[in-house]
Amino acid sequence: MASGLSDEERGHRAYAVYAACYAARYELAVLAPQPVLALAKDFDRCARDLRDLIIEGADIQTRGRASMQKYLDALALVHTAMRADLGSDVDG
């Protein structure tokens, strides 16, 4: 366990960080159009998967590498969809 945290403390911290996202998720559910919301839900699933790996004590650089890449890819898709919804430059 490279972090030096106990299993219990690592779990509490991972849940606390994830819980901080609740408000933004509810705001999106109310304000975002369906294309953004669908991608945001996919991103949230990726975030939960990554959270669960961290709670298990998985080394993200080895065992969690694919999950981390999936998380980053999902985040990029949400950003692109949000920019498109706002009419912003999607390349910027």
Side-chain angles (χ1 to χ4, degrees):
M1 175 172 44
S3 69
L5 300 173
S6 70
D7 291 347
E8 183 178 9
E9 182 62 22
R10 188 178 55 251
H12 285 300
R13 287 188 183 191
Y15 272 108
V17 169
Y18 180 75
C21 301
Y22 289 157
R25 285 185 10 225
Y26 291 121
E27 288 174 12
L28 277 175
V30 171
L31 300 172
Q34 191 57 41
V36 172
L37 187 56
L39 290 170
K41 286 180 180 181
D42 290 341
F43 171 70
D44 185 56
R45 273 188 227 98
C46 293
R48 285 190 315 243
D49 291 345
L50 199 53
R51 176 206 62 196
D52 293 345
L53 283 173
I54 291 167
I55 289 170
E56 292 171 12
D59 182 348
I60 298 303
Q61 295 301 314
T62 57
R63 185 171 156 229
R65 186 173 291 216
S67 291
M68 178 57 87
Q69 189 58 56
K70 189 174 177 182
Y71 169 88
L72 294 172
D73 292 345
L75 178 59
L77 290 172
V78 171
H79 285 169
T80 300
M82 292 173 97
R83 285 186 196 104
D85 178 55
L86 294 172
S88 299
D89 179 12
V90 293
D91 294 329

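Sequential numbering from 1 along the given sequence is applied to the chain's residues.
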Q) Which atom names give the shortest non-hydrogen contact between Val78 and Leu39, and what distance separates them? A) CG2-O, 3.4 Å
Q.
Rounded at 0.5 Å granularity, tell me how far CZ in Arg13 sits from OG in Ser6.
A. 9.0 Å
Q | Neighbour count >12 (heavy atoms, 6.0 Å) for atom OH, Tyr26 | A | no
Q: State, with a plain yes or no, whether a side-chain heavy atom of Val36 is found less than 4.5 Å away from one of Leu31.
A: no
**Q.** Student check: side-chain heavy atoms of Met68 and Arg65 closer than 4.5 Å
**A.** no
**Q.** Same apolar cluster: Phe43 and Ile60, side chain cutoff 4.5 Å
**A.** yes
Q | Shortest non-hydrogen separation from Ile54 to Arg10 and the atoms involved | A | O-NE, 2.8 Å
Q) Can you get from Leu28 to Val17 by hopping between Ile, Leu, Val, Met, Phe, Trp and Tyr side chains that sit under 4.5 Å apart? A) no
(Q) Between Asp44 and Arg48 (salt bridge meaning N to carboxylate O under 4.0 Å), is one present in this structure? (A) yes
Q: Of all the heavy-atom pairs spanning Ser67 and Leu53, show the shortest one and how long it is.
A: OG-CD1, 3.3 Å
**Q.** Check: Leu50 and Tyr18 side chains under 4.5 Å, non-hydrogen atoms
**A.** no
Q: Please examine the side chains of Lys70 and Asp73, heavy atoms only from C-beta on, and report whether any two atoms are closer than 4.5 Å.
A: no
(Q) To the closest 0.5 Å, what do you measure between CG (Asp7) and NE2 (His12)? (A) 11.0 Å
(Q) Which heavy atom of Ala14 sits nearest to which heavy atom of Ile55, and what is that distance? (A) CB-CG1, 3.6 Å
Q: Would you give the length of the straight line joining atom CZ of Arg51 to atom CD of Glu56, rounded to the nearest 0.5 angstrom?
A: 10.5 Å
Q.
Rounded to the nearest 0.5 Å, what separates atom CG in Leu37 from atom CG in Asp42?
A. 10.0 Å
